[in-house]
Amino acid sequence: WRPGSREASLEARARLLRLCAHFGEDGGGDKSAGDAVESVSKRKEQRIRDVEGQLALELARGGHLCAAWQGAKGLAEFAARLQNPQAKAFAEQLASVAGQAAAAVQGAEALRLRITHVNKKGEPLKEPKVELCQPLRPSEYCTDLKMRHRLKHAVARKQADLCTSNNILCRSTICREACKTRLEDVMSASLAQLVRLLDEAHTSLRFWEQQLRSVNIGASGSADRTCVICLEEDCSLSSLAILPCAHIFHLHCLKACLAANPACPHCRRPSALREVSQLQVEAEPTVVEDAMDDEDEGAPGSRLSAADRAHGSKLSAVARRLKRLRAEDPGARALVFVQWEGLESEVAKALQTHGVPVERLPRGSMQSGKVLSAFQAGKSSAFALVLSLEHCASGSNLTVASHVLFVHPMNAATVDQAVAWEKQALGRVRRVGQSRREVHVYRFVTRNTIDEHVTLLHQQEA
């Protein structure tokens, strides 16, 4: 999907819109912003462990496959060119104990293969597939198909059972040509690429940790926000930019330096302007709309509240709007429309966390009619009722409500259909029986995302 285009699959739009509403809606199981941050950190740390394991495995594998294997020497040469100190230290240490590392990795482990007979959908393959058993996919560090075949076939020939994996590989159309490649060249190229991957993995983790430190520092951490180019201290987050090497500068200072010399002004790592990332303004403390929300969560100048961290900025904004409406008019009622059942649950949880009396309409239950009747009759204690855009956009009167909140734009096969569903949802309150002079509609949009793009398309159609 490209911004400005209407071309995107229904499923792709649905997933992106859910992510714009709540960061845990991607099915990853993250229940809060803190969980999401921790999950990213763990994935990056695991990536380093996987590459390190693959590097040790490849070094040992070369010793089992090549009689004159000079892997330790080659690894030491590759390590000398690394930028990241942690990656360089690991590679140098591994090269110095290459013999011990090879001994630690048994031949059975270095030469393991598996044969798969079905694809990911469970459908039978025309020809069984031979794969290496290892932490990384071979295509990550061995990009040439023939070189990958050469490596797998060398491993297969070392195995005792030659009538299985070896025979399968021999039937490949590229086997004869691929097996002419020198195995030592394949192993050396693999080591070189794995060393680069390790450098990138450490740099990525360092970059991520530096970003977290940058956006979480308080008043006592102003020294960490110094631009070493112009020497200005306590720079605002919105004025700062960061390079992949994790060094931070004023954005305008960094652009000028990179235009003159494409390298980090601090560590001299080669860098291009396209690699510059601006620290997000949204990382600064949230300012609430008025003093009624101050409590201890989100007050001007404070850190993000526990509720904000748990449910994200959009759902917290929905909750604050509802709290403000309730404070201004306790007798009013509101409808909150979302499209997906999983998001309904997250919205209801967010509103409850923020102290908004809320009720969620049960799906596929005989209780739904009772819940609607009680809400319409004013017998429900809930200030807000969470409804589905798909299942409850049209139906009985809910004229007791005078506020309609759309957490996200409706996702449908066509723009016309989406706009029609939203109009039907609005029609639940804007109809005969509405006693209020005005019905207020609120749309919550995440800027510079598909959320904003789809909302603009709907407005143009309407």
Side-chain angles (χ1 to χ4, degrees), residues 18 20-25 31-34 285-300 302-363 367-368 370-389 391-393 398-408 425-426 428-429 436 438-446 451:
R18 288 198 298 269
C20 288
H22 188 268
F23 40 76
E25 275 296 301
K31 299 301 182 184
S32 70
T286 302
V287 178
V288 296
E289 295 177 2
D290 53 35
M292 62 155 248
D293 282 323
D294 283 357
E295 302 175 348
D296 63 342
E297 46 178 79
S302 73
R303 303 302 299 163
L304 289 175
S305 70
D308 287 337
R309 290 195 300 271
H311 301 288
S313 58
K314 177 183 268 196
L315 298 192
S316 296
V318 173
R320 284 196 291 271
R321 171 57 65 179
L322 287 170
K323 289 174 71 175
R324 182 175 182 177
L325 294 175
R326 188 180 179 216
E328 293 173 349
D329 186 358
R333 293 293 182 270
L335 302 183
V336 181
F337 281 101
V338 297
Q339 186 168 350
W340 301 282
E341 186 172 3
L343 190 54
E344 286 180 40
S345 174
E346 294 297 340
V347 170
K349 280 191 245 177
L351 299 186
Q352 290 167 355
T353 302
H354 281 274
V356 178
V358 62
E359 194 156 13
R360 181 184 169 194
L361 188 66
R363 286 198 182 188
Q367 295 295 320
S368 59
K370 294 180 180 180
V371 172
L372 288 173
S373 298
F375 188 80
Q376 173 65 13
K379 297 178 181 179
S380 171
S381 60
F383 176 76
L385 181 63
V386 179
L387 297 174
S388 167
L389 268 171
H391 301 284
C392 303
L398 287 173
T399 51
V400 67
S402 56
H403 300 283
V404 177
L405 291 79
F406 292 101
V407 176
H408 61 81
L426 184 56
R428 298 295 294 268
V429 299
R436 301 269 178 155
E438 295 179 340
V439 172
H440 300 271
V441 180
Y442 305 86
R443 295 184 183 274
F444 293 82
V445 180
T446 306
D451 215 15

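In this text, all values refer to a predicted model and were calculated from it rather than measured experimentally.
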Undergrad: Flag the pair Tyr442 / Arg321 as yes when at least one side-chain heavy-atom distance between them is below 4.5 Å, and no otherwise.
TA: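 Result yes, sub-4.5 Å side-chain heavy-atom pair found.
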
Undergrad: Out of curiosity, Gln339 CD to Ser388 OG, how far, rounded to the nearest 0.5 Å?
TA: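 Atom-to-atom, Gln339:CD and Ser388:OG are 7.0 Å apart.
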
Undergrad: How many angstroms lie between CZ in Arg428 and CG in Leu372, if you round to the nearest 0.5 Å?
TA: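 Those atoms lie 6.0 Å apart.
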
Undergrad: I need the minimum non-hydrogen distance between Leu315 and Ala350, along with the two atoms involved.
TA: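 Taking Leu315 first and Ala350 second, the nearest heavy atoms are CB-CB, 3.9 Å.
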
Undergrad: Quick check: closest heavy atoms across His354 and Ser316, and the distance to 0.1 Å?
TA: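 Taking every non-hydrogen atom into account, NE2-OG, 3.3 Å.
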
Undergrad: Considering non-hydrogen atoms only, spot the tightest contact between Ala332 and Ser402 and give its length.
TA: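 Where Ala332 meets Ser402 most closely, the heavy atoms are CB-OG, 4.2 Å.
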
Undergrad: Under the side-chain hydrogen bond (donor to acceptor under 3.5 Å, both in side chains) test, which residues partner Ser380, sequence neighbours left out?
TA: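 For Ser380 the side-chain hydrogen bond (donor to acceptor under 3.5 Å, both in side chains) partners, ignoring immediate neighbours, are Glu359.
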
Undergrad: Quick one, Arg436 and Arg333 - any side-chain contact, counting heavy atoms below 4.5 Å?
TA: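 Not touching, per the 4.5 Å side-chain cut-off.
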
Undergrad: So, taking the atom named CG in Leu335 and the one named CG in Leu426, what distance separates them when rounded to the nearest 0.5 Å?
TA: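 That separation rounds to 10.0 Å.
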
Undergrad: Residues two or more places apart in sequence or in another chain: which of them pass side-chain hydrogen bond (donor to acceptor under 3.5 Å, both in side chains) with Arg326?
TA: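 Result, side-chain hydrogen bond (donor to acceptor under 3.5 Å, both in side chains) vs Arg326: none returned.
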
Undergrad: Please evaluate residues Leu387 and Arg360 with respect to the criterion side-chain contact (heavy atoms from CB on, under 4.5 Å), reporting the C-alpha separation (whole Å), side-chain torsions for both, the decisive distance (0.1 Å), and the verdict.
TA: CA-CA 7 Å; Leu387 297 174; Arg360 181 184 169 194; over 6 Å; no

Undergrad: Taking the side chain as every heavy atom from C-beta outward, state whether Val429 and Val400 have any atom pair closer than 4.5 Å.
TA: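 In short, these two side chains do not touch, never coming nearer than 4.5 Å.
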
Undergrad: Roughly how far, to the nearest 0.5 Å, is CZ of Arg443 from CG of Leu405?
TA: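 So the gap between those two atoms works out to 11.0 Å.
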
Undergrad: Please confirm whether the backbone N or O of Thr399 pairs with a side-chain atom of Gln376, one donor and one acceptor, at under 3.5 Å?
TA: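 The answer is yes, because a donor-acceptor pair under 3.5 Å joins these two groups.
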
Undergrad: Where the side chain of Lys314 meets the backbone of Val407, is there a donor-acceptor pair that is under 3.5 Å apart?
TA: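 Checking the backbone N and O of Val407 against the side chain of Lys314, a donor-acceptor pair under 3.5 Å is found.
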
Undergrad: For the NZ atom of Lys323 and the CG atom of Leu351, what is their distance to the nearest 0.5 Å?
TA: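 So the NZ of Lys323 and the CG of Leu351 are separated by 10.5 Å.
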
Undergrad: To the nearest 0.5 Å, how far apart are CG in Leu322 and CZ in Phe383?
TA: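 Leu322 CG to Phe383 CZ: 6.0 Å, rounded to 0.5 Å.
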
Undergrad: Are any of the side-chain heavy atoms of Val404 and His440 separated by less than 4.5 Å?
TA: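 In short, these two side chains do not touch, never coming nearer than 4.5 Å.
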
Undergrad: State, to 0.1 Å, how close Phe375 and Ala384 come at their nearest heavy-atom pair, and which atoms those are.
TA: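 Of all heavy-atom pairs spanning Phe375 and Ala384, the closest is CE1-C, 4.3 Å.
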
Undergrad: Can you confirm whether Val338 sits close enough to Val386 that some side-chain heavy atom of one is under 4.5 Å from a side-chain heavy atom of the other?
TA: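 Yes, their side chains come closer than 4.5 Å.
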
Undergrad: Can you give me the closest heavy-atom contact between Val358 and Gln352, atom names plus distance?
TA: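 Shortest heavy-atom separation between Val358 and Gln352 comes out as CG1-CG, 3.5 Å.
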
Undergrad: Mind checking whether Phe406 and Phe337 have parallel, tilted or perpendicular rings, split at 30° and 60°?
TA: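 Phe406 vs Phe337 ring planes: parallel.
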
